[in-house]
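Reviewing the structure listed below.
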Amino acid sequence: MTAISGPPPTLLVKPTLQMLEKCKTMSELRQIHAHMIKTNFVNHTFAISRLMAFCSLSGVSGGLEYASSVILRIQNPNAFIFFTAIKGFSESSYPLESVILYAQMLSCLENFSGIEFSIPSVLKACGKLSAFEEGRQLHGQILKSYLLFDPFVSNAVVRMYLDFGEIKSARQVFDKMPNRDVVSWNSMITGYLRVGDIDLAHGLFNEMPKRDMVSCNAMIDGYGKCGKCELAIDIFKMMSDKDVVTWTSMISAYVLNYRPREALDLFQEMLSLGVKPDAPVIVSVLSTIADLGFVEEGKWIHTYLCTNKINLSFGFLGSALINMYSKCGCIENAYCVFRSISHGRNIGDWNSMISGLAFHGLAQEAQEIFLNMERMEIWPNEVTFLGLLSACSHGGLVNEGEFYFRIMHEKYNIVPKIQHYGCMVDLYGRAGRLADALGVIQNMPMEADVLAWKAILSSSMKHGQVAIGENAALKAIGLAPKDSSCYVLLSNIYAKAGRWDDVAKVRLIMRQRGVRKIPGCSSILVDGKIHEFLVGEELDVRYSGAVLSMIEEVVYRLKLEGYRPDVTQVLVDIEEEGKESSLSLHSEKKAVAFGLININKGVPIHIVKNLRICSDCHSFIKLVSRVYDRQIIVRDQNRFHRFENGICSCNEYW
DNA sequence: CTAGGGTTAG
């Protein structure tokens with residue numbers, strides 16, 4: 001087809017551009033394109049570049065072929081026509097197309113002016129692809145053509161080397177850069193922060209001639225990620241201007257450093273100052289709320305999203321909401337959100353729903369979600385299978401777990417990662433099949449990590465396997481010498497076997513190594529207020545007397561019903577009576593007692609515990625639910641336990 | 001056209 005020379009009719013320009021803007025599918029694009037050819041748009045640079053941009057959108061298949069064929073038909077293509085497509089592809093999931101298009105551009109352009117606009121995108125694509133060879137060639141071309149004087153280009157070169165993980169090369173380019181600007185400094189700083197080289201990052205931060213908000217935001221984020229929360233706070237407080245990224249970085253820093261309350265307080269402060277929250281900050285806050293189990297706050301955010309008509313299928317919002325509701329015990333609400341985004345569901349939304357159901361021990365329902373995915377031809381990813389495997393392991397469904405593990409690579413071509421093997425270890429371990437669990441560890445293609453050994457450790461504890469447990473503890477402690485839970489589990493195993501000397505030894509080693517047991521902490525929501533209880537004798541004066549006598553009364557009544565305190569859950573060998581009273585000071589028992597006093601019959605008692613619920617508390621609460629006729633829902637580190645009528649929803653899989 | 005923040009996982 002030959003283009004007629006001359007511009008398109010002026011009246012058609014605006015509607016054509018609008019059509020391109022609204023275009024949704026490739027076949028629509030073909031129609032518009034046909035129309036453009038008829039009405040003389042083939043050389044209209046702006047319209048063609050819009051058309052090219054569409055081709056580069058992710059989810060459009062055959063985009064590259066179409067874009068290439070369009071360009072071939074242009075009489076005198078210029079660099080701008082290529083630019084939008086090159087940029088688009090570099091940001092898509094097919095960055096290679098961007099490199100291909102760039103090569104095509106070089107071969108068909110007569111005049112190279114304007115190609116410097118595309119170069120940053122191609123460099124970005126090379127970085128994403130780890131295309132070392134192409135990247136270095138490009139760098140060579142840039143050096144020869146003096147393009148390094150363009151700050152956009154040289155900064156992109158630095159960024160590419162950082163993406164390659166070649167910090168030294170990036171630094172060399174940075175040091176030799178003719179026109180270093182604030183972006184160059186910021187890129188270099190984030191490069192150092194990403195690999196945890198805080199000192200070098202901080203050095204540049206101090207040295208740079210002029211800092212801007214981005215520099216500070218990057219430092220806050222970097223400090224937060226390497227556990228230096230206080231330094232992050234220093235910078236945050238020092239800043240006079242803050243944007244939503246500043247707040248998000250500081251909020252995430254708190255979250256990462258286990259200071260969720262301060263994170264939420266900061267979010268409140270941000271809102272009260274009129275800073276408009278966007279998707280990233282909301283996602284981050286929702287995950288904190290999920291961890292704390294603060295349903296009310298979570299609901300408030302959900303309402304906020306609805307009233308501000310924020311689309312839940314955007315980014316991670318949907319999956320963050322689903323996760324929040326399921327972690328807060330409201331699996332129905334989670335379902336509701338999941339159903340409400342039936343159009344435009346992300347893979348993350350499906351995964352969160354499956355994991356949420358797994359967390360509730362609803363293995364059947366989790367499998368049904370997966371069946372729906374298959375029916376709708378939605379391709380699962382590795383996280384989908386983690387959810388499914390965890391559902392099976394919490395539901396005691398060994399055969400089903402084996403099935404999913406198999407189809408994961410046979411049908412879906414997903415290579416199992418260490419986490420998947422960990423799930424399998426857990427699956428067999430919980431079901432009491434320790435030999436099979438150990439078999440997984442022996443046969444997996446990588447070295448087992450702490451979590452795999454901890455799975456063995458806790459199932460040895462549950463099934464009274466001292467020797468296997470000892471060995472697993474040795475391995476786990478070797479991999480994570482500071483993790484108190486490994487020592488505690490080993491000590492529990494010894495206690496269960498009555499080997500109090502060994503219990504004492506473990507305790508001694510812990511003290512020598514300075515490993516402190518994380519104190520158990522349970523919280524309970526009463527009248528919209530959160531009340532916290534810590535393990536041990538210190539009890540908030542506000543409640544102490546009433547709660548302690550309530551526990552005494554409950555223990556007395558339960559003993560009449562056959563309750564026998566399980567003293568193996570005590571870390572120290574003290575006299576039997578001492579063990580009993582120290583058991584009765586477990587945080588979840590205090591929270592239950594507080595709930596019995598302050599929550600009316602018929603209203604479920606919701607408790608969140610920071611660690612795993614101990615087996616004594618588990619049988620204790622089962623009995624309470626029957627004797628006091630209460631529904632008690634406990635969320636521990638691993639999952640939900642719904643106690644009713646003397647039975648727990650976990651069916652002893654925990 | 002280059003630099004900063006986000007979920008689901010044993």
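In the text below, chain A, chain B and the rest are named by the order of the sequence lines, each starting its count at 1. Computed over heavy atoms, backbone and side chain alike; hydrogens, waters and symmetry mates excluded. Everything numeric in this text was worked out from a predicted model, so none of it was measured.
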Exercise for review: Identify which nucleotide among B:dA9, B:dT7, B:dA3 has an atom closest to any side-chain atom of A:Val283, counting heavy atoms from C-beta outward.
Suggested key: B:dT7

Exercise for review: Give one of base, sugar-phosphate or nothing for A:Asp278, where a contact means two heavy atoms less than 4.0 Å apart.
Suggested key: base

Check your understanding: Which nucleotide, B:dT2, B:dT8, B:dG6, lies nearest any side-chain atom of A:Ser284?
Key -> B:dG6

Show the atom names and distances, to 0.1 Å, of all donor-acceptor pairs under 3.5 Å that link a side chain in residues 282-290 of chain A to residues at least two apart or in another chain.
residue: A:Ser287; atom: OG; partner: A:Ser284; partner atom: O; Å: 3.4
residue: A:Thr288; atom: OG1; partner: A:Ser284; partner atom: O; Å: 3.0

**Study point:** Closest to the A:Lys87 side chain, choosing from B:dG10, B:dG6, B:dC1
**Key:** B:dC1

Review point. Taking N and O atoms by type only, does the side chain of A:Ser319 place a donor or acceptor under 3.5 Å from a partner on the base of B:dT7?
Key: yes

Check your understanding: Of all the nucleotides listed (B:dG10, B:dG5, B:dG6), which has the minimum atom distance to the side chain of A:Cys423?
Key -> B:dG10

Review point. How would you label the contact of A:Asn638 with the nucleic acid (heavy atoms, under 4.0 Å): base, sugar-phosphate, or nothing?
Key: nothing

Review point. In terms of ring plane angle, is the pair A:Tyr412 and A:Phe385 parallel, tilted or perpendicular, where the classes change at 30° and 60°?
Key: tilted

Review point. Which is true for A:Ala279 with a 4.0 Å heavy-atom rule: it touches a base, it touches only sugar-phosphate, or it touches nothing?
Key: base

Exercise for review: Measure from the side chain of A:Asn155, starting at C-beta and using heavy atoms only, and say which of B:dT2, B:dT8, B:dG5 lies closest.
Suggested key: B:dT2

Study note, to complete from the structure: The side chain to side chain contact (heavy atoms under 4.5 Å, CB included) partners of A:Ser145 (sequence neighbours excluded) come to A:Leu147

Exercise for review: For A:Ile418, report the nucleic acid contact type (base, sugar-phosphate, nothing); a contact means any heavy atom under 4.0 Å.
Suggested key: base

Exercise for review: Output yes when at least one side-chain N/O atom of A:Asn323 is less than 4.0 Å from OP1 or OP2 of B:dT8, else no.
Suggested key: yes

Check your understanding: Under 4.0 Å between a side-chain N/O of A:Ser390 and OP1 or OP2 of B:dG10, yes or no?
Key -> yes

Check your understanding: Under 4.0 Å between a side-chain N/O of A:Lys242 and OP1 or OP2 of B:dG5, yes or no?
Key -> no

**Study point:** Proximity of A:Trp247 and A:Phe236 rings by center, below 6.0 Å
**Key:** yes

Check your understanding: Which is true for A:Asp449 with a 4.0 Å heavy-atom rule: it touches a base, it touches only sugar-phosphate, or it touches nothing?
Key -> base

Review point. How is A:Phe83 classified with respect to the nucleic acid when contacts are heavy atoms under 4.0 Å: base, sugar-phosphate, or nothing?
Key: sugar-phosphate

Review point. Ring-on-base stacking between A:Phe152 and B:dT2, under 5.5 Å between centres and under 30° between planes: is it there?
Key: no

Check your understanding: Is the centre of the A:Phe370 ring less than 6.0 Å from the centre of the A:Trp350 ring?
Key -> no

Practice item. Report yes if a donor N or O on one partner sits less than 3.5 Å from an acceptor N or O on the other, where the partners are the side chain of A:Ser249 and the base of B:dG5; otherwise report no. Key: no

Check your understanding: When all nucleic acid strands are considered with a 4.0 Å heavy-atom cut-off, which category describes A:Arg194: base, sugar-phosphate, or nothing?
Key -> sugar-phosphate

